[in-house]
2 protein chains.
Amino acid sequence: MDADTSSPISLTGNEARDEIVRAAAEVFMEFGFAATSIDAVAERLGATKGRIYHYYRSKAELYFDVQIAAMEKLAREIEPIAKGAGNAAERLEAMALRHATILMEDLPVQKVAVRGLERELLGAVAARHAKTLRSIIRLRDDYEQIFAEVIDDGIRAGLFVDLPPRLATKPFFGALNWLTVWYVPRRLQTAEDIAEIARTLTGCAMRGILKGAQL
Amino acid sequence: MDADTSSPISLTGNEARDEIVRAAAEVFMEFGFAATSIDAVAERLGATKGRIYHYYRSKAELYFDVQIAAMEKLAREIEPIAKGAGNAAERLEAMALRHATILMEDLPVQKVAVRGLERELLGAVAARHAKTLRSIIRLRDDYEQIFAEVIDDGIRAGLFVDLPPRLATKPFFGALNWLTVWYVPRRLQTAEDIAEIARTLTGCAMRGILKGAQL
DNA sequence: TTGCCAACATACTCCTCGGTATGTAATCTT
DNA sequence: AAGATTACATACCGAGGAGTATGTTGGCAA
């Protein structure tokens with residue numbers, strides 16, 4: 001077990017690390033990278049720094065792991081849909097629906113990932129982790145590319161408005177991802193409530209790029 | 001001059017303060033609140049901390065001022081459009097177009113404002129500035145309310161899809177505001193390029209809530 | 001011209017926090 | 001069962017940075 005601590009990318013999810021990542025995501029979500037202290041994460045775990053630094057060599061590495069966890073989860077679920085059955089509009093709608101749902105179900109991790117690297121890091125630790133940084137940005141780009149390709153299909157098929165796919169992706173993602181800014185999970189909120197929100201957002205996003213009339 | 005340093009809200013824009021706010025916005029945009037040092041802001045001004053602390057009592061107060069500047073600029077420009085001529089769809093489209101354009105033209109200040117208070121602050125300085133914090137959140141809510149009312153008009157008029165106005169506002173803003181995440185100003189970028197982006201985003205946002213067919 | 005004050009710069013304090021070095025109990029290996 | 005390793009906790013260090021206390025300079029009033 002614990003096959004690699006050297007490569008922060010694509011690590012096999014050690015159980016202990018997973019627990020740390022989840023706790024870290026909650027605190028990062030609340031305070032952001034810079035304002036989050038390792039002690040605060042440890043406290044949420046009911047432990048001390050020692051535990052965290054046993055598995056992670058720096059705060060940045062821990063933060064990266066949250067990002068990776070988020071992107072892998074999304075890609076793992078959405079890619080099959082993109083490559084599945086249905087025309088571009090049907091696939092895109094299913095992707096958007098699932099995407100929005102994951103954001104809400106997995107809020108801490110996903111919110112941190114959506115806020116993204118935001119120069120906060122490039123500025124803070126700079127060139128130190130430049131390589132890791134690049135590979136995470138790559139993960140994001142690859143994920144966006146999945147959507148861009150389906151959108152491109154739709155445009156070619158005449159289903160969607162004629163825009164550069166990469167540009168059309170932006171407001172589409174915007175309508176969905178923006179929920180990480182305003183959505184606050186309420187107690188008493190059922191899975192159906194989440195599904196309702198996801199459908200609403202997906203509806204707006206889809207109409208935004210669909211061409212012509214629909215009901 | 002310098003009528004009030006006591007109330008951080010609604011201050012009359014002293015020229016010296018404005019210059020500090022603009023510089024601060026640039027650095028805050030780059031590194032976020034927590035990772036921005038007052039020294040860094042001072043350096044961008046070609047000055048030292050002394051200059052900043054002569055006008056601001058804390059980093060938080062300076063940050064608040066950036067937020068206020070952003071919200072006042074938006075409200076000042078968009079409110080007249082909301083109360084102007086045209087049906088709900090026409091007014092909303094004009095508002096969205098201007099909103100998106102301001103975000104790009106005034107990127108540093110607006111980007112900081114869009115990222116918003118994000119608990120980063122509530123956590124850091126907590127109850128200290130709770131009152132100021134509330135009033136800034138109020139500014140944001142009021143601004144969103146301007147859109148919500150026009151959207152409500154459109155729904156009642158049967159122009160827009162039937163959704164709770166407050167909820168419909170979310171994906172609409174999302175499609176627009178998301179540009180603060182991906183948009184990077186290029187040299188050689190003309191006003192027409194910005195206008196083009198604004199039109200594209202506005203188009204997607206409008207189709208997202210418009211009911212029925214359009215060209 | 002002199003005193004006063006605004007508008008800064010300089011120098012210092014103090015505390016937080018990332019990271020490390022070291023200790024220690026449990027578990028595993030042989 | 002006796003080292004060795006894992007999985008932490010504890011104790012410490014050093015840097016960075018917010019805020020302050022104290023100069024210093026130029027303009028303006030009387």
Side-chain angles (χ1 to χ4, degrees), chain A residues 1-6 8 11-21 23-24 27-28 30-66 120-129 132, chain B residues 1-6 8 11-21 23-24 27-28 30-66 120-129 132:
Chain A
M1 70 232 37
D2 198 14
D4 79 283
T5 42
S6 61
L11 45 92
T12 65
N14 186 295
E15 180 56 42
R17 287 173 75 109
D18 278 4
E19 200 183 337
I20 295 175
V21 165
V27 187
F28 281 139
E30 240 178 295
F31 304 105
F33 174 78
T36 292
S37 72
I38 295 290
D39 293 280
V41 176
E43 194 183 354
R44 176 139 330 193
L45 278 169
T48 68
K49 295 167 84 158
R51 174 145 169 219
I52 294 172
Y53 277 102
H54 181 68
Y55 294 96
Y56 290 94
R57 280 187 298 195
S58 69
K59 188 168 82 162
E61 194 180 299
L62 176 55
Y63 191 73
F64 293 150
D65 228 23
V66 176
E120 328 188 309
L121 280 198
L122 252 165
V125 287
R128 182 80 135 197
H129 304 92
T132 308
Chain B
M1 68 238 36
D2 197 15
D4 81 283
T5 44
S6 60
L11 44 90
T12 64
N14 186 296
E15 180 56 42
R17 288 174 74 110
D18 278 4
E19 201 183 337
I20 295 175
V21 165
V27 188
F28 280 140
E30 243 179 291
F31 303 105
F33 175 78
T36 292
S37 72
I38 294 291
D39 292 281
V41 176
E43 195 182 354
R44 177 137 333 190
L45 279 169
T48 67
K49 296 168 82 159
R51 173 143 169 222
I52 294 172
Y53 277 103
H54 181 70
Y55 293 95
Y56 290 95
R57 279 187 298 196
S58 69
K59 190 168 81 162
E61 194 180 300
L62 175 55
Y63 191 73
F64 293 151
D65 228 22
V66 176
E120 329 187 310
L121 280 198
L122 251 165
V125 287
R128 181 79 136 197
H129 305 92
T132 309

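Throughout, protein chains are lettered first and strands after them, A, B, ... in sequence-line order, and every chain is numbered starting at 1. Note: hydrogens, waters and symmetry copies are ignored here, and every other heavy atom, side chains too, is used.
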*Asks:* Counting only heavy atoms and a strict 4.0 angstrom limit, can you tell me which residues of residues 39-47 of chain A come near DNA chain C?
*Replies:*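 Output list: empty, so none.
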*Asks:* Supply the atom-to-atom distance A:D18 CG to A:E15 CD, rounded to the nearest 0.5 angstrom.
*Replies:*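 Reported to 0.5 Å precision, the distance equals 5.5 Å.
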*Asks:* In whole angstrom, give the distance that lies between atom CG of A:N14 and atom C1' of D:dT6.
*Replies:* 12 Å
*Asks:* With sugar-phosphate meaning primed atoms plus P, OP1 and OP2, does A:T48 contact a base, only sugar-phosphate, or nothing at under 4.0 Å between heavy atoms?
*Replies:* base
*Asks:* Between A:K59 (NZ) and C:dT20 (C1'), how many Å, whole number?
*Replies:* 17 Å
*Asks:* Using distance alone, with no hydrogens and no angle criterion, decide if A:D65 and A:Y56 have a side-chain donor and acceptor under 3.5 Å apart.
*Replies:*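 On atom types as modelled, these side chains qualify, holding a pair under 3.5 Å.
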*Asks:* Look at the aromatic rings of A:F28 and A:F33 and report parallel, tilted or perpendicular, splitting at 30° and 60°.
*Replies:*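 Ring orientation, 0 to 90° scale: parallel.
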*Asks:* So which atom in A:V27 and which in A:R44 form the shortest heavy-atom distance, rounded to 0.1 Å?
*Replies:* CG2-NE, 3.6 Å
*Asks:* Taking 4.0 Å as the cut-off, does a side-chain nitrogen or oxygen of A:Y55 come that near to OP1 or OP2 on D:dC8?
*Replies:*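 Affirmative; the distance criterion is met.
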*Asks:* Please determine if a side-chain N or O atom of A:H54 lies less than 4.0 Å away from the OP1 or OP2 oxygen of D:dA7.
*Replies:* yes
*Asks:* What is the distance from CD of A:E15 to P of D:dT6, rounded to the nearest Å?
*Replies:*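 The distance from CD of A:E15 to P of D:dT6 comes to 19 Å, rounded to the nearest Å.
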*Asks:* Write down the protein N/O and nucleotide N/O pairs, taken from nucleotides 20-25 of chain D, whose separation is under 3.5 Å; answer none if there are no such pairs.
*Replies:*
none

*Asks:* Can you check the A:E61 CD to C:dG18 P distance for me, whole Å?
*Replies:* 15 Å
*Asks:* Please name the pair of heavy atoms, one in B:A24 and one in B:V66, separated by the smallest distance, quoted to 0.1 Å.
*Replies:*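 Taking B:A24 first and B:V66 second, the nearest heavy atoms are CB-CG2, 4.4 Å.
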*Asks:* Where the side chain of A:R17 meets the backbone of A:Y55, is there a donor-acceptor pair that is under 3.5 Å apart?
*Replies:* yes
*Asks:* How far apart are the closest heavy atoms of B:K49 and B:I38, and which atoms are they?
*Replies:*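 Between these two residues, the closest heavy atoms are CG-CG2, 4.2 Å.
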*Asks:* Round to a whole Å and report the spacing from OH of B:Y56 to C1' of D:dA18.
*Replies:* 17 Å
*Asks:* Between B:I38 (CD1) and C:dT10 (C1'), how many Å, whole number?
*Replies:* 17 Å
*Asks:* Not counting sequence neighbours, which residues clear side chain to side chain donor-acceptor pair (under 3.5 Å) with B:E43? List them please.
*Replies:* none
*Asks:* How many whole angstroms separate atom CZ of A:R51 from atom P of C:dT20?
*Replies:*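 It works out to 20 Å between those atoms.
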